[in-house]
There are 2 protein chains.
Amino acid sequence: MQQARPSRSNRERTEATRGALVAAARALFVEKGYAGTSTPEIAAAAGITRGALYHHFADKRDLFRAVVEQEARAVAREIEAATPPGLPARDALAAGSAAYLDAMTARGRTRLLLVEGPAVLGGAEMDGLDEANAARTLRAGLEAAMPGTALPVPALSVLLSAAFDRAALAIDAGADPEEYRRAMIAILERLLDGAPPPQAAGRSPRIVTRSP
Amino acid sequence: MQQARPSRSNRERTEATRGALVAAARALFVEKGYAGTSTPEIAAAAGITRGALYHHFADKRDLFRAVVEQEARAVAREIEAATPPGLPARDALAAGSAAYLDAMTARGRTRLLLVEGPAVLGGAEMDGLDEANAARTLRAGLEAAMPGTALPVPALSVLLSAAFDRAALAIDAGADPEEYRRAMIAILERLLDGAPPPQAAGRSPRIVTRSP
DNA sequence: GAATTGACATACAGTCTGAATGTATCTTCG
DNA sequence: CGAAGATACATTCAGACTGTATGTCAATTC
């Protein structure tokens, strides 16, 4: 136990206050969403006043961003821990995929990163955040696993990432994790394996879009 | 032109007022988001008072739901128009895919249906709305195109749907539509074509997740 | 045509956000 | 070491917004 007023340094005070704010805000944002959470509520839960909140963060949105950033970093750390450098491309993709879905089972993470985040911070800001963390890993893995493909790997990476996100959401909502893992693996695996198929006669026509 | 007060029936009044409200709200929600749009603003844009708004809708969220429902119905209509019954499964999937991406290029549609919708109404409500419209079509197409597969088709359908959504968002954000169409087609096509690959020796190991 | 319902408009109470201002504690530097 | 300034807060305030309550007038019903 500490004394009632241990005469902390400014550095310590800031760290403690910011930490308490981010933790309290995280819990409330998860429970009631961004709009449903008020700053008086957050301050009370953190044991401080709104003044302190607005001293450390420009506004409510800025505090939310801090929560989301912390969450994104945690996910990136778990993925990196599961994919040590030097792993073969396929193995890295497999391990990274599993690690991502595991990481997203942390309470409230899907809501923060996949639902409220894009709506509050906007797609662009979330993309930047994601790019610096999880998305980069996936694209690098795909590029390594699909050398010389004619397909647009960056676009593929974005689309697969969205599918991963949706799998995480479904699992979080109570769906059978194994089912979604299998489905996700099937999509990824068949994409990697699928050489441009031969033009065999009598086969169903390829899928073609009409031009825009 | 109509007279200044054409003595409309109640039915007509309601229809006109609700229509004006939904239209004005749609434009503002698209431009400034749900939270950034106030009900005084919406009422002013619709040329009525807030009293009328709260007479026709339970609250701001209820009005938003009406906007989103209208939007989802429009997308479903476009897809249905592009996939007449009797079309072979693959062709129906191809046409439906193209129609979906085309439909989602309507101004603001991605923001309403894919960003604000899930955050404001919640995933469950949006899923219900989607299920009654676009999602149903995709799953039916997949089931018809993958008869007898061991894969969980409903889960696959959900994941592919998420990838489609992300493609629509990317295109809306200015990405090259052709690139994302090609990527999306590649994922779908290879999934449909990919028979369970043979256990050929010397091949890279299949992707396997660790159990949860 | 009297009564009732429906479609609004207006007024109001409570809450929230962000800014402005005040105060105490820590840090720096002569 | 002590003054001066910076930092970390707390308190107060103004403006805005949401949803509700109440009032009014036209349309429908009987």
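In what follows, chains carry the letters A, B, and so on, assigned in the order in which the sequence lines appear, proteins first and then strands, with residues in each chain numbered from 1.
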May I ask you to evaluate whether [X] reaches the phosphate of [N], defined as a side-chain N or O under 4.0 Å from OP1 or OP2?
X     : N      : result
B:T14 : C:dA7  : yes
B:H55 : C:dC8  : no
A:H56 : D:dC9  : yes
B:T17 : C:dC8  : yes
B:T39 : D:dT18 : yes

Measure [atom1]/[X] against [atom2]/[N] and give the value in whole Å, please.
X     : N      : atom1 : atom2 : value
B:L21 : C:dA7  : CG    : P     : 13 Å
A:L53 : D:dA8  : CG    : P     : 14 Å
A:D59 : C:dG18 : CG    : P     : 5 Å
B:L63 : D:dT18 : CG    : C1'   : 13 Å
A:Y34 : C:dC16 : OH    : C1'   : 12 Å
A:F57 : C:dA19 : CZ    : P     : 16 Å
B:E41 : D:dT18 : CD    : P     : 9 Å
B:R18 : C:dC8  : CZ    : P     : 11 Å

A:F164/B:L159 under side-chain contact (heavy atoms from CB on, under 4.5 Å): CA gap, chis, key distance, verdict: CA-CA 8 Å; A:F164 272 113; B:L159 299 184; over 6 Å; no
Side chain proximity check, A:D130 to A:S161, heavy atoms < 4.5 angstrom: yes
Under 3.5 Å donor-acceptor pair, A:R50 side-chain atoms to C:dG18 base atoms: yes
Candidates [options] - which lies nearest the side chain of [X]:
X     : options                : value
A:P40 : D:dT28, C:dT17, D:dT18 : C:dT17
A:A52 : D:dA10, C:dT17, C:dG18 : D:dA10
B:K60 : C:dC8, D:dA8, D:dG19   : D:dG19

For A:V68 against A:L112, the heavy-atom pair lying closest together: CG2-O, 4.1 Å
Check: B:D62/B:Y54 side-chain N/O donor and acceptor closer than 3.5 Å: no
Sugar-phosphate, base or nothing in reach of B:T49, heavy atoms under 4.0 Å: base
Pairwise 5' ranking along DNA chain D for B:S38 and B:R13, keeping only the more 5' one: B:S38
B:F64 and B:Y34 aromatic ring geometry - parallel, tilted or perpendicular at 30°/60° bounds: perpendicular
